[in-house]
Amino acid sequence: MKKNALFILSFILIAISACNDDDSTTAETTAVAFVNQTVNVIAAENTVNVVFSAPTTAAGTVVINVLTTDLVYGTDFTTNPAIINNTITLPFEANATSATFSFTKLIDAIEGQVKNVKFTIASVSFEGIEVPEATNFIQLNFNETAIVANALSPENGGNKIPNQVYIDLSSGATTNVPRTSWDFGFYSGSDFRVVSNGAINKFAVKQLNTTNIDEVQTADPSVTTGNFDVANLAYVDAPYGNLSGTAIAEIAANEADNKVYLVNLGDKVATVAPGTATGVALTGDARGWKKIRILRSGNDYKFQYANIDATTHSEIIISKNAAFNFSFFSFDVNTVVQAEPQKEKWDLNITTFTNEVFQGPTPMGAYFYPDFAVTNTKAGTRAYQVFTSDFTYENFNLTNVVLDNLLTDLAKDQRAIGSNWRATVPLALKTDRFYVIKDVAGNIYKLKFTAMQNAEGERGHVSFEYKLLQ
């Protein structure tokens, strides 16, 4: 996705021969062709070769048609000779074995953009030169590059925070996902792990002492979050993001080791706005209860689920998909849904989040946060915090990056940014800090948050800016 390949333009000769059955005399036809049919353009200055299979018998011209994709001549690229009316007229001399034109790339494609120009040989100025269709064109693809600087305002949807927003820093692409649109994520890696949706208020999972999913269960009000009960931490995934800390135990190969779980599906998105513009409304109607059991099915998962008072259950096979961190299941539709983008196509998630809270060194329980920044640590995103007392954001450059800081456990914590960039009592943006982020592709950015409210003072309107360090 973000890798560049180097191609060297070299000469080829094409000979087309026709044999006479009577006297075996060979008549040669001169052919003209491009050297390569597809080239990823890395350098700014390039020479494009048109070659002849035999020296030309006279001077002439090659007419080349030009077709662009998302490019503007003179703005994104230029050529010499110039393009006029979507054609290049390329002269050549007598006894020539090639003709060339220059191609100057003025801009790179940002990751995710498709920018290319296709040159096709239309005609040669005199007869006797053949133009084989298979080699009569060359397509120059603009290599993808990371965004150098950008500013974004993820669309979380205002002070009810209905959306999670995934952000790919190098392309600037954002993906909005309703935060209640999934319930469980099934890990696509070698381990058999299942995560629960900590972006839903009060979502909680408790292991039961049974393997019989058809046994009737009852709701348990203690299986919840947000009431500062330290026992609640057992019902949510470890906020650090390590898969060894999921509320659901590793799915065992031995079926008898996989227990049934009671699931509090938490709250729907609120329907009533908060009382003040600076507040957030995070508590909606209850989504209900389920019971689940998860088994292995070869390299996939067998997911069993039912209402808690049911004596039968449904089940679905959920396959691992290596392109994604997880395959997601939603009880709203009782099937697999897409939530996160592909694992290599996001770095930050601005979301609500279930985090642990402390009183001094003592954990107090699980608490629900809005305006939270999660990093894609499972695919390699890393981050650390820099204080403006050490460096100003404007003057911070690549030489100031401490690479060892990106290797620490803190940098590998998906909460490396978290809520550290803002305060709520009083409500304020912390302007004394910014962040160094190494994205999934290895690009290193500096990033600072610029707002947590819109112009009317409403929460749920995060803004930030970032710049590539190079």
Side-chain angles (χ1 to χ4, degrees), residues 177-188 191-227 231-237 243 245-269 283-321 324 326-340 354 366 368:
V177 178
R179 62 181 173 87
T180 58
S181 64
W182 64 277
D183 294 290
F184 293 103
F186 295 76
Y187 185 53
S188 294
D191 295 336
F192 284 80
R193 287 284 183 174
V194 179
V195 297
S196 51
N197 190 350
I200 298 177
N201 190 27
K202 300 178 185 176
F203 196 103
V205 181
K206 180 183 179 181
Q207 186 183 87
L208 302 177
N209 191 28
T210 181
T211 59
N212 181 10
I213 192 171
D214 295 328
E215 179 182 322
V216 172
Q217 302 295 333
T218 56
D220 182 349
S222 69
V223 181
T224 186
T225 64
N227 57 2
N232 292 342
L233 289 172
Y235 306 145
V236 299
D237 295 343
L243 289 170
T246 53
I248 297 173
E250 182 178 13
I251 311 306
N254 180 15
E255 288 196 2
D257 294 333
N258 296 309
K259 303 289 188 179
V260 175
Y261 289 83
L262 180 66
V263 182
N264 180 351
L265 296 175
D267 290 342
K268 297 179 181 179
V269 173
T283 300
D285 294 337
R287 299 177 69 232
W289 296 79
K290 295 286 183 180
K291 54 184 176 179
I292 64 170
R293 187 177 183 227
I294 308 168
L295 311 172
R296 295 192 191 185
S297 178
N299 194 45
D300 301 324
Y301 300 86
K302 181 186 291 184
F303 182 55
Q304 300 177 336
Y305 59 94
N307 294 329
I308 57 176
D309 59 352
T311 55
T312 60
H313 66 273
S314 299
E315 68 181 36
I316 183 174
I317 300 299
I318 298 179
S319 298
K320 295 184 177 184
N321 186 337
F324 295 82
F326 301 96
S327 296
F328 293 93
F329 178 91
S330 170
F331 281 120
D332 289 344
V333 291
N334 289 330
T335 192
V336 174
V337 296
Q338 185 169 333
E340 291 180 2
T354 302
F368 197 58

Looking at [atom1] of [X] and [atom2] of [Y], how far apart are the two atoms once the value is rounded to the nearest 0.5 Å?
X    : Y    : atom1 : atom2 : value
Q217 : E215 : CD    : CD    : 5.0 Å
N334 : F329 : CG    : CZ    : 5.0 Å
S319 : I316 : OG    : CD1   : 9.0 Å
I248 : I294 : CD1   : CD1   : 4.0 Å
Y301 : F184 : OH    : CZ    : 13.0 Å
N254 : L295 : CG    : CG    : 10.5 Å

message: Tell me which one of T180, D285, N201, T283 satisfies side chain to side chain contact (heavy atoms under 4.5 Å, CB included) with V269.
response: T180
Residue that, paired with V194, satisfies side chain to side chain contact (heavy atoms under 4.5 Å, CB included) out of V205, I251, T246, D237: I251
field: Ring-face cation contact, F192 with R296, 6.0 Å cut, 45° max
entry: yes
field: Pairing of D300 and K320 as salt bridge, 4.0 angstrom limit
entry: no
- prompt: Charged N to carboxylate O below 4.0 Å: is that the case for D183 and K290?
  reply: no
Measure across [X] and [Y] and return the closest heavy-atom pair with its distance rounded to 0.1 Å.
X    : Y    : answer
A256 : T211 : O-CG2, 3.5 Å
A339 : V177 : O-CG2, 3.2 Å
A219 : I308 : N-CD1, 3.5 Å
A199 : N197 : N-OD1, 2.8 Å
A247 : A234 : CB-O, 3.9 Å
A286 : D267 : CA-OD1, 4.0 Å

- request: Might you work through the side chain to side chain contact (heavy atoms under 4.5 Å, CB included) test for V216 and T311, ending with a clear yes or no?
  value: CA-CA 6 Å; V216 172; T311 55; 3.9 Å; yes
Compute the ring centroids of [X] and [Y], then answer whether they are less than 6.0 Å apart.
X    : Y    : result
Y305 : F331 : yes
F303 : F186 : yes
F326 : Y187 : yes

Spell out, as yes or no, whether a donor-acceptor pair under 3.5 Å connects the side chain of [X] to the backbone of [Y].
X    : Y    : result
S297 : K302 : no
T224 : P221 : no
N264 : F203 : no
N307 : D309 : no
K291 : I213 : yes
D191 : R193 : no

task: Pick out which of T225, N227, T354 makes a side chain to side chain donor-acceptor pair (under 3.5 Å) with N232.
output: N227
field: Residues I200, F368; criterion side chain to side chain contact (heavy atoms under 4.5 Å, CB included); working and verdict
entry: CA-CA 8 Å; I200 298 177; F368 197 58; 5.7 Å; no
- request: Applying side chain to side chain contact (heavy atoms under 4.5 Å, CB included), run through R287 and D332 and close with a yes or a no.
  value: CA-CA 10 Å; R287 299 177 69 232; D332 289 344; 3.6 Å; yes
query: If you draw a 6.0 Å radius around NZ in K268, do more than 12 non-hydrogen atoms from other residues or ligands fall strictly inside?
result: no
message: Run the ring pair (Phe, Tyr, Trp, His ring centres under 6.0 Å) test against Y235 and tell me which residues pass, sequence neighbours left out.
response: none
query: Would you say W182 and E340 make side-chain contact, with heavy atoms under 4.5 Å?
result: no
Heavy-atom check, side chain of I292 versus side chain of Q304, under 4.5 Å: no
field: Worked verdict on N212 versus T210 for side-chain hydrogen bond (donor to acceptor under 3.5 Å, both in side chains)
entry: CA-CA 6 Å; N212 181 10; T210 181; 5.4 Å; no
